[in-house]
2 protein chains.
Amino acid sequence: MAEPTRRGRGSEATRELIVETALRLFRERGYEATTMRAIAAEAGVSVGNAYYYFSSKEALIQAYYDRAQREHEAACRALLDRERGFEARLSGVLREWVRVSEPYHEFAVKFFKHAAEPSNPLSPFSAESTPARESSIAIYREVVEGSADRMDPELRAELPELLWLMSMGVVLYWVHDTSPGCARTYRMIELTVPLVGRLVGLSHLPGLRGITRDFLAAVHELRA
Amino acid sequence: MAEPTRRGRGSEATRELIVETALRLFRERGYEATTMRAIAAEAGVSVGNAYYYFSSKEALIQAYYDRAQREHEAACRALLDRERGFEARLSGVLREWVRVSEPYHEFAVKFFKHAAEPSNPLSPFSAESTPARESSIAIYREVVEGSADRMDPELRAELPELLWLMSMGVVLYWVHDTSPGCARTYRMIELTVPLVGRLVGLSHLPGLRGITRDFLAAVHELRA
């Protein structure tokens, strides 16, 4: 199937064109009904050329995940360099995710059922998604590490992964959100971040330290 | 399409046979690939007869939801009549759900992607699922109302719906659970119920009452 061409000037643009075309067709025709052949035809490249860049439709989705991840990081950079409050950092990172994801909302709503399938390599919980998941968690690690707030040290170590789980909850709410401009998802972030902030702030107090410890032990065991 | 037959002796058995056959074919061939015609043929009834009982494949899934709900209620009856501790009631109800759902685990893993699709009427969050959701919430209402534990009165009013949301978290974990006998899901229940119990128990203390109030206000606004 491969028809290797020399990669060079323009190859990045071709790659981008193929990803853009694929996302549009997935949205218009559905993921299952869209073939690599159709993507190549719509993008105006040969099928062999399309396969040279992407070995499968899964690889196209992975390229979309990677790109969305890079866009999200770039959008958060100024905030993470400037802001030291935990709640402001977390809220900003979640809000930026909704903002940069907005052009893909329609696609994400339709694609969600594939990502939600336990056996699908494109599930955020799959073994195959480990690298993508790790790079998503990295931004929440930066949220925590750059924060000046006091918190239980053991919780601080686990918090990046827990905040990533929270962000999956935001994604779940967002794919169900039909409000204009996803206003309800922004509101959800506005309401839940201060609650998380207060629980994190209370985590080192004597009355809650026991629960914090048991909670962390449960998290450790259940994700293994 | 309809070919009405007289309902009477045997009609309940025919109904059950059609549901059983449908679930088996959905599991073996996938939900999308299975037609009403194939279900009728496998069940040994006419297509018209199948349509007499179920107007669509969605109606078959709804019948499965209803039956699973009745089985769950029956399985919890003795526990809910006897036990007064909040944690024991909650843990028992969640464990019984896993136990009665076990024969459907393989089907549920495959069907999950349809239920997870935001626009699907079979999503547990859809408007169409409101009656099924309400009857699921009713069992958690009984968990709370029959419990002798002290808790914040406003939280008590909202707790049934929150526990149902928690049970959706258990379902999410369960569809990803490949451990023998779903042992990990039982362990998840064992680890998380005491945490929920302690948070609920602390909810009326002065230091946490403010968070409890804000949490409940957020829940009210976000589910609207």
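Reminder, nothing fancy here: chain letters follow the sequence lines and each chain counts from 1.
If you measure heavy-atom distances from Ile211(B) to chain A, the contacts under 4.5 Å come from both the backbone and the side chain. Neither the backbone nor the side chain of Ser119(B) comes within contact range of chain A; no heavy atoms are under 4.5 Å apart. Proximity to chain B (any heavy atom under 4.5 Å) is shown, for Ser126(A), by neither the backbone nor the side chain. In this structure, chain A has heavy atoms under 4.5 Å from both the backbone and the side chain of Phe215(B). Using a 4.5 Å cut-off between heavy atoms, Phe125(A) contacts chain B through its side chain alone, with no backbone atom that close. Heavy-atom distances place no part of Leu205(A) under 4.5 Å from chain B, backbone and side chain included.
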Evaluate Glu117(B) against Val109(A) for side-chain contact (heavy atoms from CB on, under 4.5 Å), listing each step before the verdict. CA-CA 8 Å; Glu117(B) 196 175 20; Val109(A) 168; over 6 Å; no
Give the C-alpha distance, both sets of side-chain angles, the deciding distance and a yes or no for side-chain contact (heavy atoms from CB on, under 4.5 Å) between Met188(B) and Glu221(A). CA-CA 9 Å; Met188(B) 183 225 188; Glu221(A) 184 177 334; over 6 Å; no
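Taking both residues in full, the closest heavy atoms of Phe112(A) and Pro118(B) are given as CD2-CD, 3.8 Å, listed atom of the first, atom of the second, then distance. Shortest non-hydrogen contact noted between Gly210(B) and Arg198(A) is C-NH2, 3.5 Å.
Side chain of Arg184(A) to backbone of Leu222(B): a donor-acceptor contact under 3.5 angstrom is found.
In terms of heavy-atom pairs under 4.5 Å with chain A, the best-connected choice from Leu172(B), Leu191(B), Leu208(B) is Leu191(B).
Shown here is Arg84(A), whose CZ atom has more than 12 heavy atoms of other residues, nucleotides or ligands within 6.0 Å.
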